[in-house]
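These notes concern the structure reproduced below.
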Amino acid sequence: MAKQNNHLVIMAGGVGSRFWPMSTAEKPKQFIDVLGCGKTLLQLTVERFGDLVAPDNIWVVTNERYADIVAEQLPDMPRQNILREPCRRNTAPCIAYVSWRIKSKDPKANIVVTPSDHIVINVQEFQRVIRQCMLFTADSDAIVTLGMKPNRPETGYGYIQADLSSSSLRNKELFRVDSFREKPDLKTAQQYIQKSNYFWNAGIFIWNVSTIVNAFRVYQPKMAKIFESLMPIFGTEDEQQIINEKFPQCENISVDYAIMEKADEIFVCPADFGWSDLGTWGSLQQQTPRDLYGNAVIGNNVSLFDTRGCIIHTTQEKKVVIQGLDGYIVAEQNDTLLICKLSEEQRIKQFSGEN
């Protein structure tokens, strides 16, 4: 596997404000320092790929309103590798666009696609898994997705059902996918985790560029035709104008529905490297070190008394004293302070006043 053919695609177009007041529609969670470590989730995403991918082969697909933020946070990557979506069309058009764009530059490209807003605790194990998967896809027509070993009956994730009866002959860590399952209710999730062959769908994919382009040609011919016709203009000054015209013609569909649930050569790599998609304040609490009373604190000047089961995110050098709270979110950003029951966090969007 030639490193010069390794490419990283980061999908960073999400507009969610679940971590309000830190994240907003103007600056979603992938562009903020959620963990209080001095780096944004986008920067951590790039960092965890270490020396697997050269800076010139890193691509970010984002909404056009966030392109300048991406450039500011990732100054080492080429500006032309920031691809701007003129509108939201889910993950399939996003992946199709960047796949044909990479193909125009490197027909032998081997690609890993990842969201921009996940966290990984064991980076060394993550890199080992990615390296093995990329070795597998470099010279095959297989599509590989990562399956996270579940440790709780999570209803917020989709699941992958794997055939563990026999592994791939070329890599003993890879197994064929039997099916993809939608986000389950609690009873179904409890049934899944009692079995050894169900894994969380992390939305991380590995394939070579020929494989994914051919998959679009077979299963999404209309979308493939759009991007195939744009090959002559990729990398030219006309690219953005034409993309602005053509991209909205794509169907609004996820890559899971468009490709993954239809293709034949789909493999899953079960993995365990401390993963979370940080979709909620509750998930941030679970991924942050907690004190004896279950409190997760991100901030340097926080004192807690008679408080348990809370997530505190106050990083702006204010003295914060909390007494008597049980199961709350306390978060501040600039002139906004949020105090909300963890059990009611689904209402945060309503509180924020954002659409």
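Quantities reported herein were computed from a predicted structural model and do not represent experimental measurements. Basis for what follows: all heavy atoms, side chains included, without hydrogens, waters or symmetry-related copies.
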Original post:
Any sub-3.5 Å donor-acceptor pair from Asn208's side-chain atoms to Ile111's backbone N or O?
Top reply: no
Subject >> Check: Ile193 and Arg152 side chains under 4.5 Å, non-hydrogen atoms >> reply: no
Original post:
By side chain to side chain contact (heavy atoms under 4.5 Å, CB included), which residues pair with Gln323, not counting sequence neighbours?
Top reply: Phe305, Asp306
Original post:
Looking at side-chain heavy atoms only, is the closest gap between Thr137 and Asn110 below 4.5 Å?
Top reply: yes
Original post:
Which residue pairs pass the side chain to side chain donor-acceptor pair (under 3.5 Å) test with at least one member in residues 229-244, sequence neighbours excluded?
Top reply: Tyr97-Glu239, Arg101-Glu239, Gln240-Asn244
Original post:
Is there a donor in the side chain of Ser179 and an acceptor in the side chain of Gln161, or the other way round, less than 3.5 Å apart?
Top reply: yes
Original post:
Do side-chain atoms of Arg181 reach the backbone of Gly158 as a donor and acceptor pair under 3.5 angstrom?
Top reply: no
Subject >> Candidates Trp200, Tyr159, Phe199 - the one meeting ring pair (Phe, Tyr, Trp, His ring centres under 6.0 Å) with Tyr192 >> reply: Tyr159
Subject >> Side-chain (Glu85) to main-chain (Cys87) donor-acceptor, under 3.5 angstrom >> reply: no
Original post:
Does any N or O in the side chain of Asn295 come within less than 3.5 Å of the main-chain N or O of Gly309, such that one atom is a donor and the other an acceptor?
Top reply: yes
Subject >> Over 12 foreign heavy atoms within 6.0 Å of OH, Tyr257 >> reply: no
Original post:
Does a donor on one side chain and an acceptor on the other come within less than 3.5 Å for Asp33 and Gln43?
Top reply: no
Original post:
Going by the angle between their ring planes, with limits at 30° and 60°, are Trp100 and Phe227 parallel, tilted or perpendicular?
Top reply: parallel
**OP:** Flag the pair Asp185 / Thr155 as yes when at least one side-chain heavy-atom distance between them is below 4.5 Å, and no otherwise.
**Re:** no
Original post:
Looking at side-chain heavy atoms only, is the closest gap between Val112 and Cys133 below 4.5 Å?
Top reply: no
Original post:
Is it the case that Gln285 and Arg290 place a side-chain donor and acceptor less than 3.5 Å from each other?
Top reply: no
Subject >> Side-chain donor/acceptor of Thr307 to backbone N/O of Leu304, under 3.5 Å >> reply: no
Original post:
With sequence neighbours left out, which residue pairs that include part of residues 162-177 fulfil the side chain to side chain donor-acceptor pair (under 3.5 Å) condition?
Top reply: Arg128-Glu173, Asp139-Arg170, Asp163-Ser165, Arg176-Glu265
Original post:
Are the side chains of Asn81 and Ile58 in touch, meaning some heavy atoms are under 4.5 Å apart?
Top reply: no
Subject >> side-chain hydrogen bond (donor to acceptor under 3.5 Å, both in side chains) between Asn57 and Asn6, intermediate numbers included >> reply: CA-CA 7 Å; Asn57 287 352; Asn6 287 354; over 6 Å; no
**OP:** For Glu345 and Cys340, indicate whether the former's side chain and the latter's backbone hold a donor-acceptor pair under 3.5 Å.
**Re:** no
**OP:** Spell out, as yes or no, whether a donor-acceptor pair under 3.5 Å connects the side chain of Thr62 to the backbone of Ala12.
**Re:** yes
**OP:** Measure centre to centre between the rings of Phe273 and Trp275, then say whether the value is under 6.0 Å.
**Re:** no
Original post:
Looking only at atom types and distance, does a side-chain atom of Asp117 sit under 3.5 Å from a main-chain N or O of Lys29, one as donor and one as acceptor?
Top reply: no
**OP:** Check whether any side-chain heavy atom of Tyr198 lies under 4.5 Å from a side-chain heavy atom of Pro150, and answer yes or no.
**Re:** no
**OP:** Please tell me if the side chains of Ser210 and Pro107 come closer than 4.5 Å, counting only heavy atoms from C-beta onward.
**Re:** no
**OP:** Please check if the side chain of Ser116 supplies one atom and the backbone of Ile10 the other of a donor-acceptor pair under 3.5 Å.
**Re:** no
Original post:
Taking the side chain from Ser99 and the backbone from Ile95, do they hold a donor-acceptor pair closer than 3.5 Å?
Top reply: yes
Subject >> Nearest heavy atoms of Leu41 and His118, plus distance in Å >> reply: CD2-O, 4.4 Å
**OP:** Flag the pair Phe216 / Glu228 as yes when at least one side-chain heavy-atom distance between them is below 4.5 Å, and no otherwise.
**Re:** no
